[in-house]
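What follows is a single structure, written as structure tokens, with notes after it.
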2 protein chains.
Amino acid sequence: MRKVFLFMDTIFNKVDAKGRVSLPADYRAIAKELSTEIVCYRSLNAPCIEGCLEDSLDKLATEIENSTDFFSETQDNLTNLIFGDARRFVFDSTGRIMLTEKLLKHAEITDMAVFVGKGRKFQIWNPKNWEKEEARIRAEVMQKRPVLKMQKEQE
Amino acid sequence: MRKVFLFMDTIFNKVDAKGRVSLPADYRAIAKELSTEIVCYRSLNAPCIEGCLEDSLDKLATEIENSTDFFSETQDNLTNLIFGDARRFVFDSTGRIMLTEKLLKHAEITDMAVFVGKGRKFQIWNPKNWEKEEARIRAEVMQKRPVLKMQKEQE
DNA sequence: TTGAATCCCATAAAATACCATGTTATACCA
DNA sequence: TGGTATAACATGGTATTTTATGGGATTCAA
């Protein structure tokens, strides 16, 4: 039994004509062990698909339910965007899920997909787009490194 | 057996001449597994139908009972509106429910309906109206994103 | 008896489960 | 450490099931 559950690594898989793609074995193992399902939705911040465990969304739903701000308009809007877009993706016996047109289009994915681990979440990118994004992120982190270092030293 | 119960995704279904519409399969599965019924009412905030599990309304009733704000006029009014409007909608063997004139009129639905997941609830919209509403919400969330991001980082 | 609601059957399309295979990664043993 | 046996994995293809939806039959109440 594993103690921690993190989506990690960067995995390239093929997307076939039907939109089927193998979920990385490690990701499947996590969902199986926690007996929960994988949920995917369009990222709000980038042209990619975002995935997480259904448990995570359930947690979010509970938080919203118990919030004193129950009738808050912002939260009402957010739930529409998140839950309206998300969907469970149950993988078959060979470990594949079938991505929808909507998701594929948003991420500009055609025949290849990259799974990028993000800890509690993961993302699915078009390989070309991910290459650019990774370079961009790397550059940004490099630039901010002096600041990060300073903060650490203060602790 | 599923662990969590969330209404998700956005599904377009036809409303036939008799007013019948298929409840999305996943929504049906939730009601079945929890052996509870689907309840619908006119949304208080938007021109759409709102639906949830009968369990959820029961929970709401209990919360209001236990609330220190028991004699709050606002809550009194809200409960009047919701419970006065709500009705169970049992789906037939093919998974369809029959929406009432009152609900259809409120949501301006004629021959097509969009089911929009909201976690513990869902909404049913006229496709055109939903299109506009989604654009509106997306714009608003984007505008408020910096604030949301700050809140998240504080967690 | 007439109109409306409910139930049941039929069908086409789409989603899902299953089987087969080549390749890669892992485990095991000398 | 090197080499081989074994298991796991991604992926192509096919079979089966599920789902939405049209139409008709039946029931119930006004």
Side-chain angles (χ1 to χ4, degrees), chain A residues 2 7-33 35-41 49 51 54 86-105 109-117 122 124-127, chain B residues 1-2 7-33 37-40 49 51 87-105 109-117 122 124-127:
Chain A
R2 85 165 82 183
F7 294 111
M8 292 192 278
D9 208 356
T10 300
I11 293 125
F12 292 76
N13 278 344
K14 203 170 180 231
V15 181
D16 72 10
K18 296 188 199 169
R20 292 184 304 182
V21 61
S22 284
L23 205 65
D26 227 36
Y27 293 13
R28 277 157 22 206
I30 292 174
K32 252 191 176 169
E33 272 198 64
S35 21
T36 182
E37 301 291 340
I38 296 285
V39 165
C40 293
Y41 52 93
I49 301 166
E54 203 178 12
R87 228 199 77 178
R88 324 167 83 206
F89 285 85
V90 183
F91 48 86
D92 65 18
S93 59
T94 62
R96 279 181 292 195
I97 55 172
M98 220 181 87
L99 296 171
T100 62
E101 248 332 292
K102 187 174 74 174
L103 292 177
L104 291 171
K105 199 177 157 194
I109 293 171
T110 54
D111 60 337
M112 262 290 172
V114 197
F115 291 79
V116 183
F122 61 89
I124 315 177
W125 286 79
N126 165 316
Chain B
M1 196 64 163
R2 87 164 81 182
F7 294 111
M8 293 193 275
D9 208 357
T10 299
I11 294 127
F12 293 75
N13 278 344
K14 206 168 180 232
V15 181
D16 71 10
K18 297 184 195 175
R20 293 182 302 182
V21 62
S22 285
L23 204 65
D26 211 42
Y27 294 13
R28 283 169 1 219
I30 291 174
K32 250 191 178 171
E33 274 200 62
E37 302 292 341
I38 296 285
V39 166
C40 294
I49 302 166
R87 226 200 73 179
R88 312 166 87 184
F89 286 85
V90 183
F91 49 86
D92 65 18
S93 60
T94 62
R96 281 181 289 199
I97 55 173
M98 224 182 85
L99 295 171
T100 62
E101 247 334 292
K102 186 174 74 174
L103 293 178
L104 291 171
K105 199 177 158 194
I109 292 170
T110 54
D111 60 337
M112 263 289 173
V114 196
F115 291 79
V116 183
F122 62 89
I124 315 177
W125 286 78
N126 164 315

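Letters A, B, ... mirror the listed sequences (proteins, then strands); counts begin at 1. The figures here come from the full heavy-atom set of this structure, side chains too, leaving out hydrogens, waters and symmetry mates.
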*Using whole Å, report how far CG of B:Asp9 lies from P of D:dT19.*
14 Å

_Students often mix this up, so state it plainly: with edges at 30° and 60°, are the rings of A:Tyr27 and A:Phe7 parallel, tilted or perpendicular?_
perpendicular

_Side chain to side chain, B:Ile11 and B:Asp26, heavy atoms closer than 4.5 Å_ = no

*Can you tell if the side chain of B:Trp125 reaches within under 4.5 Å of the side chain of B:Thr10, non-hydrogen atoms only?*
no

*In whole angstrom, what separates A:Phe115's CZ from D:dT11's C1'?*
13 Å

*Starting at CG of A:Asp111 and ending at P of D:dT11, how long is that distance when rounded to a whole Å?*
11 Å

Name the atoms and distances for all side-chain donor-acceptor pairs under 3.5 Å in residues 92-100 of chain A, with sequence neighbours left out.
from	atom 1	to	atom 2	distance (Å)
A:Asp92	OD1	A:Thr94	N	2.9
A:Asp92	OD1	A:Thr94	OG1	2.8
A:Asp92	OD1	A:Gly95	N	3.0
A:Asp92	OD1	A:Arg96	N	3.0
A:Thr94	OG1	A:Arg96	NE	3.4
A:Thr100	OG1	A:Leu103	N	3.4

*Specify the separation, in whole Å, of atom CE of A:Met98 and atom P of C:dC18.*
17 Å

_Residues B:Arg2, A:Glu37: salt bridge by 4.0 Å N-O rule_ = no

*Rounded to whole angstroms, how far apart are OH on B:Tyr27 and P on D:dT19?*
14 Å

*So, do B:Phe115 and B:Leu23 sit near enough that their side-chain heavy atoms are less than 4.5 Å apart?*
yes

*Counting N and O atoms only, with roles assigned by atom type, does the side chain of A:Arg88 sit under 3.5 Å from a partner on the main chain of A:Glu54, one being a donor and the other an acceptor?*
no

_Bend angle of the helix from C:dT1-D:dA30 to C:dA30-D:dT1, from helix axes over five pairs at each end, nearest 10°_ = 50°

*What distance separates A:Lys102 NZ from A:Cys40 SG, expressed to the nearest 0.5 Å?*
11.5 Å

*Please examine the side chains of A:Phe89 and A:Val21, heavy atoms only from C-beta on, and report whether any two atoms are closer than 4.5 Å.*
no

*Could you run through nucleotides 20-26 of chain D and give me one letter per nucleotide, 5' to 3': B if any protein heavy atom sits under 4.0 Å from the base, S if only the sugar-phosphate is that close, - if neither?*
SBBBB--

*Protein-nucleotide distance (B:Glu101, atom CD; C:dA4, atom C1'), rounded to Å*: 13 Å

*Would you kindly give the CZ-to-C1' distance between B:Phe91 and D:dT18, to the nearest whole Å?*
14 Å

*asked:* Using whole Å, what does the distance between atom C1' of nucleotide C:dT6 and atom CZ of B:Phe89 come to?
replied: 14 Å

